[in-house]
Amino acid sequence: MSSQSVTNNGKQLHVKTDTSKIFIWDNRYKAEPYNNSAYDAVTLKAGTVMGRVTGTGYIKPLRSTYSDGAEIPVGILAEDVEVAGGALTNLQICNYGDVVEDKLIFDLSTDNLDTTVSSQRLRDRIHNVGIRLISNTEMTDYDN
């Protein structure tokens, strides 16, 4: 997924283009139910680590402080999405393959790959799902 940022120093416009990818090599995706029970719309970014609420089966952004099952990763959000308030929808998550670790987004600012949940680091829990974390983008295939 590429993005651009534009800056203006008063005399010139500068456009920085980021063409790096989140998902590389042999990824698998799955539709999972998401319930925005809030009144306001929610914007979720591609790369957000998602967990599953055990009682409902709905996914939501992972937080290590949750105790409803959503503290355990089930996948990585595949695309930017805005969900209207009160809406129930399916979101595409990556649940297998290679993912660039620097592109992961955690909902809780203090969470990271070394955060421990139930005596296991999130890095290892993500690996257990079937996602291999890559430290940078591989540039050896035609689709990169």
Side-chain angles (χ1 to χ4, degrees), residues 1-8 13-144:
M1 172 167 287
S2 65
S3 65
Q4 292 186 323
S5 61
V6 179
T7 58
N8 182 350
L13 285 176
H14 297 277
V15 179
K16 289 178 71 176
T17 303
D18 178 4
T19 58
S20 59
K21 297 183 179 194
I22 300 170
F23 306 100
I24 54 176
W25 301 102
D26 200 26
N27 296 99
R28 301 290 187 273
Y29 301 91
K30 183 178 180 182
E32 292 286 352
Y34 174 82
N35 182 21
N36 181 7
S37 57
Y39 178 76
D40 296 324
V42 172
T43 300
L44 301 169
K45 295 288 189 186
T48 301
V49 181
M50 304 297 282
R52 181 185 319 282
V53 178
T54 305
T56 64
Y58 297 140
I59 62 170
K60 68 181 183 181
L62 176 143
R63 286 188 174 202
S64 63
T65 56
Y66 286 148
S67 59
D68 60 0
E71 70 276 14
I72 308 297
V74 296
I76 312 296
L77 190 62
E79 58 192 356
D80 292 349
V81 64
E82 184 171 330
V83 182
L88 175 62
T89 188
N90 284 325
L91 302 180
Q92 292 293 320
I93 64 168
C94 173
N95 63 349
Y96 179 86
D98 294 353
V99 176
V100 177
E101 69 178 62
D102 292 343
K103 297 289 188 172
L104 294 182
I105 299 170
F106 290 95
D107 191 49
L108 189 60
S109 64
T110 56
D111 283 346
N112 60 54
L113 290 170
D114 293 321
T115 300
T116 302
V117 174
S118 300
S119 303
Q120 195 172 19
R121 294 182 315 161
L122 287 175
R123 174 184 306 279
D124 299 327
R125 290 189 171 280
I126 289 171
H127 179 75
N128 292 344
V129 171
I131 295 173
R132 189 172 75 139
L133 298 175
I134 305 299
S135 61
N136 58 15
T137 303
E138 294 282 338
M139 298 301 284
T140 56
D141 201 6
Y142 67 91
D143 66 343
N144 283 313

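- Side-chain contact between N112 and T115 is present, with at least one heavy-atom pair separated by less than 4.5 Å.
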| task | Kindly indicate, with the supporting measurements, whether the criterion side-chain contact (heavy atoms from CB on, under 4.5 Å) is fulfilled by L104 and L133. | result | CA-CA 10 Å; L104 294 182; L133 298 175; 3.8 Å; yes

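- V117 has its side chain within reach of L122: a pair of non-hydrogen atoms, C-beta onward, lies under 4.5 Å apart.
- When every heavy atom of P73 is checked against every heavy atom of V129, the shortest pair comes out as O-CG2, 3.2 Å.
- Rounding to the nearest 0.5 Å gives a distance of 11.0 Å between CG of N90 and NZ of K30.
- What you find for D114 and R121 is that their closest heavy atoms are OD1-NH1, 3.0 Å.
- Identified under the salt bridge (Lys or Arg N to Asp or Glu O under 4.0 Å) test for residues 86-100, with sequence neighbours left out: D98-R132.
- Within the model, atoms OG1 of T48 and CG of D80 stand 8.0 Å from one another, a figure rounded to the nearest 0.5 Å.
- Closest approach of C94 to I131, counting heavy atoms only: O-CD1, 3.5 Å.
- The distance from the NZ atom of K45 to the CD atom of E82 is 10.0 Å, given to the nearest 0.5 Å.
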| query | Yes or no on side-chain contact (heavy atoms from CB on, under 4.5 Å) for I22 and V99, after CA distance, side-chain angles and deciding distance? | reply | CA-CA 6 Å; I22 300 170; V99 176; 4.0 Å; yes

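- In this structure the side chain of I76 reaches within 4.5 angstrom of the side chain of V49, judged on heavy atoms.
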| task | Could you please spell out the steps behind the side-chain contact (heavy atoms from CB on, under 4.5 Å) verdict for L91 and V81? | result | CA-CA 8 Å; L91 302 180; V81 64; 3.8 Å; yes

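- Of all the heavy atoms in V83 and A87, the pair that sits closest is CG1-CB, 3.9 Å.
- In this structure, CG on L113 lies 13.5 Å from CZ on R125, to the nearest 0.5 angstrom.
- One distance of note links CD1 of I93 with CG of N27; it measures 12.0 Å at 0.5 Å rounding.
- Nearest heavy-atom pair, G57 versus P33, reported as atom, atom and distance to 0.1 Å: O-CG, 3.8 Å.
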Side-chain polar contacts of residues 58-66 - donor-acceptor pairs under 3.5 angstrom, sequence neighbours left out - could you list them?
{"residue": "K60", "atom": "NZ", "partner": "D68", "partner atom": "OD2", "Å": "2.8"}
{"residue": "R63", "atom": "NE", "partner": "D107", "partner atom": "OD2", "Å": "2.7"}
{"residue": "R63", "atom": "NH2", "partner": "D107", "partner atom": "OD2", "Å": "3.2"}
{"residue": "S64", "atom": "OG", "partner": "D111", "partner atom": "OD1", "Å": "2.5"}

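- Applying the side chain to side chain donor-acceptor pair (under 3.5 Å) criterion to R123, with sequence neighbours excluded, gives E101.
- In this structure, Y34 and L44 have side chains that are in contact, with non-hydrogen atoms separated by less than 4.5 Å.
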